[in-house]
Amino acid sequence: MASESRHISVDINRPPDEVYDYTSDHTNLPTWASGIGDGIELIDDEWVVESPMGRLTIRFAEPNDLGVLDHTVTLASGETFYNPMRVIQHGTASEVLFTLRRSDDQTDDEFEHDAATIAADLHTLKALLEGENDADDIA
């Protein structure tokens with residue numbers, strides 16, 4: 001049986017290519033994703049972070065022209081989570097859409113906490129990209 005999914009999104013008043021360029025630069029991830037920790041580094045062709053959950057390995061979608069930011073996160077335990085994510089055009093601006101999938105053993109409270117964390121992270125991304133800095137200062 002398929003698990004529950006929740007689509008969490010935020011509108012960002014920036015062109016989609018700028019939003020995609022920033023979010024697809026994996027070294028920017030710690031600036032807006034709170035669960036990532038302080039840094040991310042490429043080790044043996046894998047992106048690795050030391051997070052509050054321990055060491056995580058992240059595999060990202062290949063660069064593309066479609067705004068696809070899908071990624072898989074593998075915990076130290078070996079458990080892997082697939083995270084669909086997109087930047088889509090919304091008028092002259094963008095919408096960033098993240099699909100949260102509930103794991104089979106996740107409680108209602110844990111699922112709600114994850115959803116709230118992702119929403120907060122997307123709002124951090126929005127604030128960062130809509131800040132007073134010029135786009136050239138972001139990248």
Side-chain angles (χ1 to χ4, degrees):
M1 183 171 149
S3 64
E4 177 183 355
S5 292
R6 182 172 303 170
H7 304 290
I8 304 163
S9 68
V10 66
D11 289 328
I12 298 178
N13 191 22
R14 299 291 259 186
D17 59 334
E18 288 181 17
V19 175
Y20 177 81
D21 287 347
Y22 186 82
T23 53
S24 66
D25 179 346
H26 312 314
T27 60
N28 289 329
L29 195 59
T31 65
W32 61 271
S34 61
I36 294 303
D38 294 331
I40 184 169
E41 62 181 312
L42 187 60
I43 301 174
D44 298 327
D45 295 326
E46 293 185 328
W47 290 95
V48 177
V49 298
E50 295 297 333
S51 80
M53 298 179 292
R55 187 179 189 115
L56 307 177
T57 302
I58 307 173
R59 291 188 184 264
F60 296 94
E62 293 295 321
N64 60 83
D65 295 329
L66 301 173
V68 175
L69 295 165
D70 293 5
H71 54 284
T72 57
V73 177
T74 303
L75 306 179
S77 66
E79 188 174 13
T80 299
F81 298 91
Y82 170 62
N83 300 297
M85 187 172 172
R86 306 283 188 278
V87 175
I88 56 178
Q89 187 168 351
H90 191 190
T92 58
S94 303
E95 180 179 8
V96 178
L97 176 67
F98 186 102
T99 300
L100 173 63
R101 294 204 169 132
R102 183 179 187 152
S103 62
D104 292 336
D105 61 344
Q106 196 171 34
T107 67
D108 290 345
D109 286 345
E110 290 168 334
F111 186 66
E112 292 303 323
H113 178 267
D114 284 354
T117 298
I118 291 164
D121 288 348
L122 292 180
H123 280 88
T124 298
L125 179 64
K126 174 184 176 70
L128 187 72
L129 292 175
E130 289 183 354
E132 294 179 0
N133 293 333
D134 188 75
D136 293 333
D137 295 336
I138 301 170

Least distance between heavy atoms, [X] atom then [Y] atom:
| X | Y | result |
| --- | --- | --- |
| Ser9 | Leu97 | CB-CD1, 3.8 Å |
| Pro30 | His26 | CD-O, 4.0 Å |
| Gly67 | Asn64 | N-OD1, 3.0 Å |
| Pro15 | Ser94 | C-OG, 3.3 Å |
| Trp32 | Thr124 | CA-CG2, 3.9 Å |

Using modelled atom types and a 3.5 Å cut-off, is there a donor and acceptor pairing between side-chain atoms of [X] and backbone atoms of [Y]?
| X | Y | result |
| --- | --- | --- |
| His113 | Asp109 | no |
| Asp70 | Met85 | yes |
| Asp21 | Ser24 | no |
| Glu110 | Thr107 | yes |
| Tyr20 | Asp65 | no |

- Before accepting this row, confirm whether a basic side-chain N of the pair Glu130/Arg14 lies closer than 4.0 Å to the acidic partner's carboxylate O.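 A salt bridge is absent here (no side-chain N lies under 4.0 Å from a carboxylate O).
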Give, for atom [atom1] of [X] and atom [atom2] of [Y], the distance between the pair rounded to the nearest 0.5 Å.
| X | Y | atom1 | atom2 | result |
| --- | --- | --- | --- | --- |
| Leu56 | Thr80 | CG | OG1 | 10.5 Å |
| Arg55 | Leu75 | CZ | CG | 13.5 Å |
| Asp114 | Arg102 | CG | CZ | 10.0 Å |
| Ile8 | Leu100 | CD1 | CG | 5.0 Å |
| His90 | Ile12 | NE2 | CD1 | 12.5 Å |
| Arg86 | Thr23 | CZ | OG1 | 12.0 Å |

Should [X] and [Y] be counted in the same cluster of Ile, Leu, Val, Met, Phe, Trp and Tyr side chains packed under 4.5 Å apart?
| X | Y | value |
| --- | --- | --- |
| Phe98 | Val68 | no |
| Leu66 | Tyr22 | no |
| Val96 | Leu128 | yes |
| Phe81 | Val49 | yes |

- Task: Anything under 30° is parallel, anything over 60° is perpendicular, the rest tilted; go ahead and classify Trp47 against Phe60.
- Result: perpendicular
- Message: For a 4.5 angstrom cut-off between non-hydrogen side-chain atoms, does Arg101 reach Pro84?
- Response: yes
- Within-4.5 Å side-chain heavy-atom neighbours: Glu41 and Glu50: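 They are not in side-chain contact.
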- Is His71 atom NE2 crowded by more than 12 heavy atoms from other residues, nucleotides or ligands, each under 6.0 Å away? yes
- Pick one: which of Leu125, Ile40, Asp121 meets side-chain contact (heavy atoms from CB on, under 4.5 Å) with Leu29?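 Only one of Leu125, Ile40, Asp121 forms a side-chain contact (heavy atoms from CB on, under 4.5 Å) with Leu29, namely Ile40.
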